[in-house]
Each structure stands twice: as C-alpha cells, then as structure tokens.
Amino acid sequence: MQFPTIAAKLIRTVNASTTRTTNNNRAAEQSCLSLLQACNTVAKVVQLHARILKLGLQNNPLVLTKFTSTSSELGATDYASSFLFCPDADTRLYDTFLFNTMIRAYAQTSHSKNKALCLYNGMLHFGISPNKFTYPFVLKACAGVGDLNVGKSVHGSVVKYGFDDDVHVLNTMVHMYCCCDGGIECGRKVFEEMPKSDSVSWSAMIGGYARLGLSTEAVGLFRKMQIEGVRPDEITMVSVLSACADLGALELGKWVESYIEKEGIQKTVELCNAVIDMFAKCGDVDKALKLFRNMSEKTIVSWTSVIVGLAMHGRGLEAISLFEEMIGKGVTPDHVAFVGLLSACSHSGLVEKGKSFFSIMTQEYGIAPRIEHYGCMVDMLCRTGLVNEALEFVKKMPIEPNPIVMRTLISACRVHDELKLGESITKLLIENEPMHESNYVLLSNIYAKMFHWEKKTKTREAMDKKGMKKIPGSTMIELDNQIYEFVAGDKSHEQYKEIYEMMDEMGRKMKRAGYVPSTSEVLLDIDEEDKEDALNRHSEKLAIAFALLNSPPGTPIRIVKNLRVCSDCHSATKFISKIYNREIVIHSLKHS
DNA sequence: ATAGGGTTAG
C-alpha cells in the first residue's frame with residue numbers, strides 16, 4: 001500500500017504513452033489484434049502468444065490487453081496471468097482495466113475466487129486504483145469465498161474509494177453478505193440503507209433469505225416489495241417460488257404461478273423449472289409432471305426437479321424410470337441428478353439398485369461421490385435396518401462424515417435398538433457441535449428408549465443451561481387462503497370442541513380398521529394408556545381433523561409439519577386417508 | 001467492459 005504515490009502513477013502513465021507512440025511496428029500490432037479477436041480456442045491463443053513474443057509485442061499495451069481478455073474469456077486465465085505477472089513483466093503497463101479483466105475471469109470460475117481476491121490485493125499493491133467496475137467482480141469473489149470478515153474489509157474499501165453510492169456495487173454487496181456465513185443481517189442493513197434500490201436489490205435479498213431456508217422472511221419481503229411498488233422480474237419469482245416449495249405452501253405457489261401469467265413475466269427455462277419444483281415439493285407431483293412434459297426446452301434441472309419430487313413422495317420406481325428416460329434422451333446426469341436418484345432408491349427401499357447406481361455414477365459418469373451421495377447410501381442402509389453395514393460404510397468413507405450423516409446413523413441406532421452405539425456417537429457429535437439443539441434431542445430420545453430417565457432429564461438440563469429450547473412441533477394448514485397452525489393438545493381454536501369430537505371419531509374408526517397405536521416413539525416416562533393419549537393429541541392429527549371438518553369431501557388435504565412426522569402419525573394418516581377417502585399430503589420442513 | 005436466480009442426502 002505504501003508503493004503508490006501520485007508521482008509514480010504519473011511516471012507510469014507517461015512511460016505507457018511513450019511506448020504507445022514510439023511503437024513503429026503498427027502493422028504487426030494490428031495483425032495481432034485482429035488475430036486475437038478471431039481466437040476461439042486456447043490452443044490458438046498459445047500459438048499466437050508465441051508469435052507475439054517473437055515480434056516483441058508482449059509489452060504493447062493494446063496487444064497485452066487484448067491477449068488478456070481473450071485468454072480469460074476462453075478459460076485460460078492462469079496462462080494469461082503467468083505472463084502478466086512473471087518477474088520480468090513490465091509493471092508500467094498495468095492498469096485498472098487489465099486487472100478488472102483478470103479479476104472478472106477468476107471471479108466467474110468456481111474454484112478461483114481466492115485468486116480473484118489475490119489479484120485485487122495485488123492491484124492495490126501496485127498502486128492501481130480500483131474503479132466502480134472493479135467492485136462487483138471483487139464482491140462476487142467474496143460471495144464465493146463466503147468469509148464474512150473478508151467481505152467486511154472489502155466493504156470498507158468500497159466506502160473508502162467512495163463507490164458506496166453505486167447501485168450495482170451495493171446490489172452485489174447485498175448478495176455478497178447474503179452468501180457469507182452469518183452475514184445476512186449485514187446484507188439486510190446494506191439493503192435497507194441503500195439510497196436507491198431496484199428489482200435486483202430486492203431479488204438479492206429475497207434470494208438470500210430463500211437460500212438460507214428463511215422462507216417466511218423471503219415471502220414477507222416479496223409482499224413488502226409489492227407494497228413499495230417495485231416490479232419483480234423472473235429472477236425475483238424464482239426465489240419466491242423456491243420459498244413456497246420450502247414451506248410446502250401450495251396455495252401461495254399457485255397464486256405466484258397465476259401472478260406470473262397476469263404480469264406477463266418472462267417464462268424462462270429457469271422460471272419454469274422453479275414452478276415445477278414448487279409443485280413437486282408441495283405434493284402435486286402430477287401437476288409437476290404435466291408441466292414438465294409440456295416443456296419445449298428441458299435442462300438437467302428440469303429432469304432433476306421431477307426426479308427429486310417423485311423420490312420425496314415415495315414414487316421411487318417412477319423416479320428411476322424417468323432417470324433412465326433422461327439417459328436415453330442423451331442428457332448427461334450431474335451430481336445433483338444422482339442425489340435425486342439415490343434418494344429415490346433410499347425412500348423406496350431399493351438397496352441393490354441404489355448400490356449399483358452409486359458405482360455407475362463414478363465408473364460410467366466419472367462423478368466423484370460427495371458427502372450428499374454418501375449420505376443417501378447411509379440413509380438407504382439405515383432405513384433397511386442394516387445399521388452395522390451403514391456404520392462400516394461410514395468408517396470406509398474417504399471423506400469425513402458430516403453431522404447430517406452422523407444424525408442419520410444415530411436415528412437408525414435408536415429405531416433399531418443399537419442404543420449404546422447411538423449414545424456414544426451422539427456424545428462425540430455434541431463435543432463437535434455443542435450448540436446444535438437436535439443433537440441433545442437425539443441423545444435424550446435415546447435415553448428415553450433405554451429408560452434412563454435421569455440421564456434424559458440431565459440432557460434436557462444441559463440444553464437449558466446453554467439457553468437452547470426444544471422447538472415445539474406444530475402443523476400448518478392452508479384453507480381458504482388462510483393459514484391455521486396447531487400445536488399438540490391445542491385448544492386455542494374456536495372450533496376446538498368439534499375438532500376433538502372429530503378426533504375421537506377418527507380414533508374409533510381407525511381402530512376398527514385395524515390401526516394399532518405405535519407408542520414406541522412416545523419418549524415420556526408415562527404408562528401405555530397415557531402414551532396413546534399423547535399420540536392422539538399430536539398436532540398433525542388436530543390439523544387433519546380440522547381439515548376433515550372444514551373442506552369438501554373428497555378434496556385432498558395438505559398439511560405442513562415443522563419437524564419430522566412421528567411413525568404413529570405416519571401410519572395413522574394412511575388409515576385416515578383410506579377411511580375418509582381423502583388424499584393426504586404431509587410436508588415436513590425438517591428431517592432430524 | 002459493470003449487478004441479481006434454480007435442482008442437493010436426515
């Protein structure tokens with residue numbers, strides 16, 4: 001930072017212009033420029049570069065700039081930078097545009113965000129001033145790195161250089177903060193305080209909330225956007241739909257779909273994909289399939305959305321046949337498509353098929369398994385009750401299992417009575433993640449199943465001491481454009497008497513149809529009769545009773561549970577669906 | 001020559 005002085009900059013400018021004017025090889029310069037313009041492969045750039053060196057034009061500013069931009073456009077950024085920053089390079093030729101070109105190239109490629117930041121630091125080191133075009137690139141690189149402190153320091157520079165009034169810079173800054181761990185509040189602050197905001201600013205913020213799973217905030221902000229009269233575009237709508245999908249809010253999603261029609265928002269492939277994903281995740285997989293079939297242009301994302309949707313709703317065989325149809329059409333699956341495929345196998349108990357797809361993925365498609373793929377395999381083995389095989393699988397994994405995989409194992413240990421094993425894994429996990437509440441819930445559930453009530457109480461106390469609270473289970477239901485929420489034993493609703501009568505009736509009819517309450521997941525120190533009672537008051541059943549009372553016979557019932565659905569509610573729902581002739585879709589927001 | 005989006009296992 002101490003290098004740049006105004007004098008040094010002046011000398012540099014003068015020297016650069018001298019080089020330009022004394023260059024008597026104008027014809028060669030022109031020919032190089034037009035050849036560079038026509039370059040379309042890296043090989044040609046390399047060839048041409050040899051010629052540039054031979055002609056001694058490597059320090060010609062025009063040629064250097066063109067060489068740099070052509071190389072980086074073709075993905076040969078490292079090649080260009082090795083010459084630009086070699087020890088005998090003429091640093092007098094460095095300027096803002098040259099650095100912007102290089103930083104942009106690195107900021108756009110996924111594994112080179114750090115290089116972009118290095119170049120930005122180098123730029124300051126050489127005394128080259130950034131301009132308002134530099135910062136969108138730099139901030140984009142920060143977003144990729146995801147380090148809040150790095151982001152804050154760049155924010156400081158933006159203020160120092162006075163670009164904090166530029167809407168493009170600020171929009172990217174909002175996006176950057178939203179991509180950093182724990183940065184969403186900073187993003188919101190920049191968003192709130194920016195002098196002018198447009199649809200891009202709102203999209204960045206709404207998208208930020210949606211990505212983090214803060215879907216209610218995302219939808220709320222979209223409402224605020226409409227109140228403030230900012231016209232959303234197709235990119236805003238993608239984020240809003242993604243929030244709807246996450247919330248399982250089918251009615252809202254349908255409204256968004258008609259809003260898109262009404263407002264004439266451009267239906268890009270990506271927007272159509274988001275609509276399909278919303279329907280698939282909200283339980284209307286057939287609607288998603290229909291839209292998918294009618295799409296004129298499909299991408300891998302379109303296929304994956306439907307495959308994941310089918311997998312989520314237990315239609316594993318259809319998911320697999322759709323995957324095979326996709327291969328038949330010559331579409332190359334990516335790692336996400338394989339996650340969908342493997343989860344389809346897992347949800348439908350197709351262990352052998354799953355194992356074979358897992359090996360095909362690497363052997364035929366050259367896709368290295370990621371933690372998500374290993375997670376699917378562990379889940380698949382655990383669901384089938386092969387807990388020990390799952391454990392062996394985890395031990396042999398070439399990458400560290402993450403907490404999600406560990407929690408899958410622990411749940412399986414509890415369900416399949418490997419309680420000692422479950423206890424020891426959970427203790428390890430708590431050491432690594434002391435502030436994650438579901439770890440304590442898992443441990444206390446294991447103690448409950450071991451009848452270690454004292455240890456269970458202690459675990460709860462440890463949670464309280466750390467200021468963590470267990471989130472109470474609740475179920476939401478959308479009826480006539482209103483959202484009703486129920487918690488276990490809820491009596492706050494004005495119809496509560498009718499609801500409880502309905503539940504009694506449901507219980508009687510279910511028992512007659514052969515339903516046996518499964519009390520094994522009631523983790524309370526109470527006797528069997530009370531356990532049944534506790535089950536009957538679960539929020540899922542309340543919401544279903546409410547829906548049976550208030551919606552026309554034969555119409556589907558869709559409910560959204562904030563936590564995992566217990567096994568008893570799962571089986572009870574199947575009975576209720578049959579007895580009352582209603583399709584019942586349960587959407588769960590969390591899985592552990 | 002400048003900005004923002006989607007699909008991912010429990």
Side-chain angles (χ1 to χ4, degrees), chain A residues 65 69 73 96-98 100-101 103-104 107 131-140 143 163 166-176 178-179 191 197-208 210-211 232-243 245 268-278 280-281 299-309 311-312 333-347 354 369-380 382-383 401-412 438 442 563-564 588 590-592:
Chain A
T65 305
S69 60
E73 271 162 32
T96 306
F97 181 63
L98 201 65
N100 282 0
T101 309
I103 294 172
R104 176 180 57 186
N131 62 14
K132 64 172 178 174
F133 299 118
T134 313
Y135 280 104
F137 304 138
V138 176
L139 290 164
K140 199 172 173 187
F163 296 120
D166 183 288
V167 67
H168 297 297
V169 173
L170 291 175
N171 283 345
T172 329
M173 183 121 63
V174 171
H175 175 244
M176 178 278 289
C178 289
C179 290
F191 173 75
S197 61
D198 58 11
S199 73
V200 180
S201 337
W202 288 84
S203 296
M205 201 62 227
I206 294 172
R211 265 196 311 278
D233 62 11
E234 73 277 9
I235 289 162
T236 323
M237 299 324 284
V238 169
S239 291
V240 176
L241 282 165
S242 156
T268 56
V269 194
E270 291 82 0
L271 185 53
C272 294
N273 288 343
V275 174
I276 289 175
D277 179 58
M278 180 275 293
K281 290 224 175 94
T299 65
I300 180 70
V301 178
S302 328
W303 291 89
T304 307
S305 295
V306 186
I307 291 172
V308 170
M312 263 178 85
D334 63 3
H335 66 106
V336 187
F338 272 102
V339 172
L341 180 68
L342 293 175
S343 90
C345 296
S346 168
H347 286 273
R370 304 188 181 194
I371 190 66
E372 294 91 336
H373 302 113
Y374 288 111
C376 288
M377 297 308 286
V378 173
D379 183 48
M380 188 182 302
C382 285
R383 276 176 199 259
N402 63 8
I404 298 172
V405 171
M406 299 293 271
R407 279 194 279 276
T408 306
L409 268 179
I410 296 164
S411 292
S438 51
L442 282 169
L563 304 171
R564 194 183 212 279
S588 176
K590 268 196 184 148
H591 309 278
S592 65

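The structure presented is a predicted model; accordingly, all values stated were derived computationally and were not measured. Computed from heavy atoms alone, side chains included, the values below leave out hydrogens, waters and symmetry copies. We name chains A, B, ... by the order of the sequence lines, and we start the count at 1 in each one.
Within the 4.0 angstrom heavy-atom criterion, base atoms lie near A/I371. Nucleic acid contact class of A/N131 (heavy atoms, under 4.0 Å, all strands): none. Within 4.0 Å of A/T268, counting heavy atoms only, lies at least one base atom of the nucleic acid. Contact annotation for A/F137: backbone-only contact, meaning every heavy-atom pair under 4.0 Å involves sugar-phosphate atoms and none involves a base. A/N273 comes within contact range of at least one nucleobase, with a heavy-atom separation under 4.0 Å. Residue A/D166 is out of contact with every strand shown, counting any heavy-atom pair closer than 4.0 Å. Across all strands, A/S346 comes closer than 4.0 Å to no nucleic acid atom at all (heavy-atom distances).
We find that CE of A/M377 is positioned 16 Å from C1' of B/dT8, with the value rounded to whole Å. Distance, A/M278 CE to B/dG5 C1': 16 Å, rounded to whole Å. As rounded to whole Å, 13 Å separates atom P of B/dG5 from atom CE of A/M205. For the pair A/W303 CH2 and B/dT8 P, the interatomic distance rounds to 18 Å; values are reported in whole Å. Spacing between atom CG of A/N402 and atom P of B/dT8 amounts to 16 Å, rounded to whole angstrom units. Here B/dA3 presents its P atom at 13 Å from CD1 of A/I103, a figure rounded to the nearest Å. As a whole-Å value, the separation of A/I410 CD1 from B/dG10 P is 15 Å. Rounded to a whole Å, the NE2 atom of A/H373 is 12 Å from the C1' atom of B/dT7.
Put simply, the residue from A/I276, A/V275, A/V336 that forms a side-chain contact (heavy atoms from CB on, under 4.5 Å) with A/S305 is A/I276.
In this structure, of B/dT8, B/dG10, B/dG5, it is B/dG10 that holds the atom nearest to the side chain of A/T408. Taking the side chain of A/F97 as heavy atoms from C-beta on, and the options B/dA1, B/dA3, B/dG10, the nearest nucleotide is B/dA1. Across B/dG4, B/dA9, B/dT7, the shortest atom-to-atom separation from the side chain of A/T304 is found for B/dT7. Taking the side chain of A/V336 as heavy atoms from C-beta on, and the options B/dA3, B/dT8, B/dG4, the nearest nucleotide is B/dT8. Distance from the side chain of A/H347 is smallest to B/dA9 among B/dT2, B/dA3, B/dA9. Checking B/dG4, B/dT2, B/dG5 against every side-chain atom of A/E270, the shortest atom distance belongs to B/dG5. Of the candidates B/dT7, B/dG10, B/dA9, B/dG10 carries the atom nearest the A/R383 side chain, counting heavy atoms from C-beta on. The side chain of A/H168 lies closest to B/dT2 when the candidates are B/dT2, B/dA9, B/dT8. Picking from B/dT8, B/dT2, B/dA3 the nucleotide with the shortest atom distance to the side chain of A/T172 gives B/dA3.
Not a single side chain to side chain donor-acceptor pair (under 3.5 Å) links A/D166 to another residue, sequence neighbours left out. Remark: A/C272 pairs with A/K267, A/M295 by the side chain to side chain contact (heavy atoms under 4.5 Å, CB included) rule, at least two apart or across chains. Judged as a side chain to side chain donor-acceptor pair (under 3.5 Å), and not counting sequence neighbours, A/S343 has no contacts. Here A/T299 pairs with A/N273, A/S302 under the side chain to side chain donor-acceptor pair (under 3.5 Å) rule; sequence neighbours left out.
Relative ring orientation between A/H373 and A/H335 is described as perpendicular, the plane-to-plane angle rising above 60° on a 0-90° scale split at 30° and 60°.
The stretch residues 235-243 of chain A comes close to DNA chain B through A/I235, A/V238, A/S242, each having a heavy atom under 4.0 Å from the strand.
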Please list, one pair per line, the donor and acceptor atoms closer than 3.5 Å that link side chains of residues 167-176 of chain A to other protein atoms, with sequence neighbours excluded.
from	atom 1	to	atom 2	distance (Å)
A/N171	OD1	A/S201	OG	2.7
A/N171	ND2	A/V167	O	3.4
A/N171	ND2	A/D198	OD1	3.3
A/T172	OG1	A/H168	O	2.6

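Judged purely by atom type and a 3.5 angstrom limit, A/S411 uses its side chain to pair as donor or acceptor with the backbone of A/R407. Between the A/T101 side chain and the A/F97 main chain, a donor and an acceptor come within less than 3.5 Å of each other.
Applying the 4.0 Å criterion to OP1 and OP2 of B/dG5, one finds that A/K140 has every side-chain N and O outside that range. Look at A/H175 and you'll find a side-chain N or O under 4.0 angstrom from OP1 or OP2 of B/dG5.
With hydrogens and angles left out, the side chain of A/D233 and the base of B/dG4 share a donor-acceptor pair within 3.5 Å.
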